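What you are looking at is a predicted structure, and each value in this text was computed from that prediction instead of being measured. All values below come from the heavy atoms of this structure, side chains included, with hydrogens, waters and symmetry mates left out.
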Amino acid sequence: MKKHTKRTYSFALGSGLAVTILGLLAPTLMPHLFALDVSYDRGGVATTTERVTPTVEHLATPQAVKAVYLSQCGASSETLRTSVLKLAEETEVNAIVLDLKDYTGTVSFPSETAVSGGKGCTISDFRALVKHMHEQGIYVIGRLTVFQDPLYTKTYPERAVQRTGGGVWHDYKGLAFVDVGARPFWDYIVTLAKEAHALGVDEINFDYIRYPSDGPMKEAVYTHSQGAHADNVERFFQYLSQEIRVSQGGHQPVTSADLFGMTTTNTDDLNIGQVLERALPYFDYIAPMVYPSHYPKGFNGWDNPNQHVYDIIEFSMTRAVTRAQATTTKVFSFAHERIGTSTPALYKKQVYKPNVLRPWIQDFDYGGEYGAKEVRDQIQAAYDSGLNSWLIWSPSNRYTREALLPN
């Protein structure tokens, strides 16, 4: 919760002294949101108590973002938190992706609207942590897991993806998803994003903005969605853009979206509703998750993608850059001008600069061992694709320092 400091002033009504005092105090109070509580004694003298809310500051987006991920459980652990902050202090890392809501649906920060009862970790000193990061010059990106939300679906099961035969559908990990078409949930996400921004988070990063993929898909029933998956996902993107891309407290919130890695090379929606061209108009940055370990055997002719970490990133992100800079697309989008009435038709699109793209790369052993060379090769591949930014994911919040340049 926001902390308030109190200052008490006394003045006589009608004497002009009140105006004088408030005039003298104005320079002090202007940087704050404040209110005056007034009480009176029998002599007509008023005593005011000023409630001052400290100014929330935001850092400008670095020209090149070099970020690592810090989960809400990691942030609640003094050891892991200190380790990640020290990494940012001593290396080229200048940004931290901090969980706002994780895979359990638990909201990490003090919120007036968050669904209660989550089993995940919370960050008791969230505001102080963000302030400390800012003092270190660290750009704070708040990661908000969206449609994967077992807590919300437990509270509102009618808004979840349903299962054939009745009940809430679950993926192979036992996690439930909110139906992308469930409009009340959209407002919930918008409100959480605005609350986090008001606490100082510089950028809101949306993850799991898609339909589920890993589970008994033939049993999934979408009672709130109408039409194609990609249409519904883009409607959600459009709503986010309209509701969040507005000035709050004099600062324009920055937004970003995490997409499946293969959205850079596939032109279909991968059965989850994600298409690169249909996300670009609505966010300031797009972060494809091009983890080599997540590519299928035989992708682009590589028998084991884990043995081609540089190639995977360079191949995928070069194609993403080409698509971002293209003037036309064969993919229908609400944001694009229609040039035909049948599919596939050619549509004009806005041209985007390459650096709206920031790849998520991996620093975790899955399908192979990832050390300094593997991590650095991925970073170099991002640069060779024409990009200047990257985000590193490690679910353990432990990173290979040797892969990072010293500060």
Side-chain angles (χ1 to χ4, degrees), residues 61-71 74 83-84 87-88 91-99 138-139 141 143 145 203 205-208 256-266 274 276 279 283 285-296 299-300 302 304-324 354-407:
T61 307
Q63 184 177 4
V65 166
K66 304 175 180 182
V68 293
Y69 164 67
L70 180 61
S71 68
S83 175
V84 171
L87 189 75
T91 72
E92 60 187 312
V93 170
N94 61 7
I96 290 177
V97 181
L98 179 65
D99 270 342
I138 299 171
Y139 181 70
I141 303 172
R143 173 179 174 263
T145 297
E203 175 178 327
N205 169 253
F206 298 93
D207 199 359
Y208 283 86
S256 57
D258 296 340
L259 300 183
F260 262 28
M262 290 181 69
T263 58
T264 64
T265 52
N266 278 50
Q274 290 186 351
L276 179 62
F283 302 93
Y285 299 95
I286 300 294
M289 299 175 287
V290 286
Y291 310 127
S293 62
H294 285 46
Y295 281 78
F299 177 78
N300 201 41
W302 295 309
N304 182 358
N306 282 288
Q307 296 177 358
H308 298 271
V309 295
Y310 172 91
D311 300 323
I312 288 284
I313 308 302
E314 194 278 334
F315 176 77
S316 299
M317 296 313 300
T318 295
R319 276 147 186 78
V321 168
T322 298
R323 290 170 65 172
N355 286 322
V356 301
L357 299 165
R358 301 177 184 149
W360 272 107
I361 61 177
Q362 78 179 79
D363 188 2
F364 57 90
D365 295 337
Y366 180 73
E369 294 184 4
Y370 282 73
K373 182 182 186 306
E374 288 74 18
V375 175
R376 197 68 210 178
D377 280 353
Q378 293 175 82
I379 292 173
Q380 188 59 50
Y383 295 152
D384 292 347
S385 302
L387 308 177
N388 66 3
S389 298
W390 38 264
L391 317 168
I392 304 180
W393 179 272
S394 170
S396 69
N397 298 162
R398 293 180 172 86
Y399 295 91
T400 306
R401 178 182 290 264
E402 295 77 17
L404 302 169
L405 301 178
N407 196 358

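In terms of the side-chain hydrogen bond (donor to acceptor under 3.5 Å, both in side chains) criterion, residue partners of N397 (sequence neighbours excluded) are, by chain and number, S71. Residues passing the side-chain hydrogen bond (donor to acceptor under 3.5 Å, both in side chains) test with W393: none are found, sequence neighbours excluded. Take P296 and apply the side chain to side chain contact (heavy atoms under 4.5 Å, CB included) test, not counting sequence neighbours, and it matches M262, F299. Applying the side-chain hydrogen bond (donor to acceptor under 3.5 Å, both in side chains) criterion to T264, with sequence neighbours excluded, gives no partner residue. Scored by the side chain to side chain contact (heavy atoms under 4.5 Å, CB included) test, N407 finds no partners at all (sequence neighbours excluded). Remark: S293 engages Y291, N306, Q362, F364, Y366, Y370 in a side chain to side chain contact (heavy atoms under 4.5 Å, CB included) (not counting sequence neighbours). T91 is linked by a side chain to side chain contact (heavy atoms under 4.5 Å, CB included) to L87, V93, R401, L404, counting only residues two or more places apart in sequence or in another chain. With sequence neighbours excluded, no residue forms a side-chain hydrogen bond (donor to acceptor under 3.5 Å, both in side chains) with Y285. D207 is linked by a salt bridge (charged side-chain N to carboxylate O under 4.0 Å, His left out) to R143, counting only residues two or more places apart in sequence or in another chain.
Here the closest heavy-atom approach between residue T400 and residue G371 is recorded as CG2-C, 4.0 Å. Listed here is the closest heavy atom pair of A382 and S389: CB-O, 4.4 Å. The two residues P354 and G386 make their nearest non-hydrogen contact at CB-O, 3.8 Å. Listed here is the closest heavy atom pair of I138 and A88: CD1-CB, 3.7 Å. When all heavy atoms of T265 and S316 are compared, the pair lying nearest together is CG2-CA, 4.2 Å. Scanning both residues, T318 and S385, for their nearest heavy atoms gives OG1-OG, 3.6 Å.
I286 pairs with exactly one of L259, V356, T263 by the side-chain contact (heavy atoms from CB on, under 4.5 Å) rule, that one being L259.
Taking 4.5 Å as the limit, some side-chain heavy atom of Q378 sits within range of a side-chain heavy atom of P292. I361 has its side chain out of reach of L391: every pair of non-hydrogen atoms, C-beta onward, lies at least 4.5 Å apart. In this structure, the side chains of P288 and M317 come closer than 4.5 Å at one or more pairs of heavy atoms.
Legend: salt bridge (Lys or Arg N to Asp or Glu O under 4.0 Å) pairs involving residues 309-321, not counting sequence neighbours: none detected.
Atom CZ of R376 sits in a crowded spot, with more than 12 heavy atoms from other residues, nucleotides or ligands closer than 6.0 Å.
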(request) Go through Y295 and W302 one step at a time and tell me if the side-chain contact (heavy atoms from CB on, under 4.5 Å) criterion holds. (result) CA-CA 10 Å; Y295 281 78; W302 295 309; over 6 Å; no
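Side chains of D384 and Y310: a donor on one and an acceptor on the other come within 3.5 Å. Checked by atom type, the side-chain pair D363/S394 shows no donor-acceptor distance below 3.5 Å.
Here the CG-OH distance, from N94 to Y139, works out to 10.0 Å after rounding to the nearest 0.5 Å. In this structure, CG on L387 lies 6.0 Å from CG on L357, to the nearest 0.5 angstrom. Atom CG in N300 sits 3.5 Å away from atom CZ in F315 (nearest 0.5 Å).
Remark: the backbone N or O of I141 is not paired with any side-chain donor or acceptor of N205 at under 3.5 angstrom. Judged by distance alone, the side chain of Q274 and the main-chain N or O of F260 form a donor-acceptor pair under 3.5 Å.
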Enumerate donor-acceptor pairs with a distance under 3.5 Å from any side-chain N or O in residues 62-69 to protein atoms, sequence neighbours excluded.
from: K66; atom 1: NZ; to: E92; atom 2: OE1; distance (Å): 3.3
from: Y69; atom 1: OH; to: D99; atom 2: OD1; distance (Å): 3.4
from: Y69; atom 1: OH; to: D99; atom 2: OD2; distance (Å): 2.7

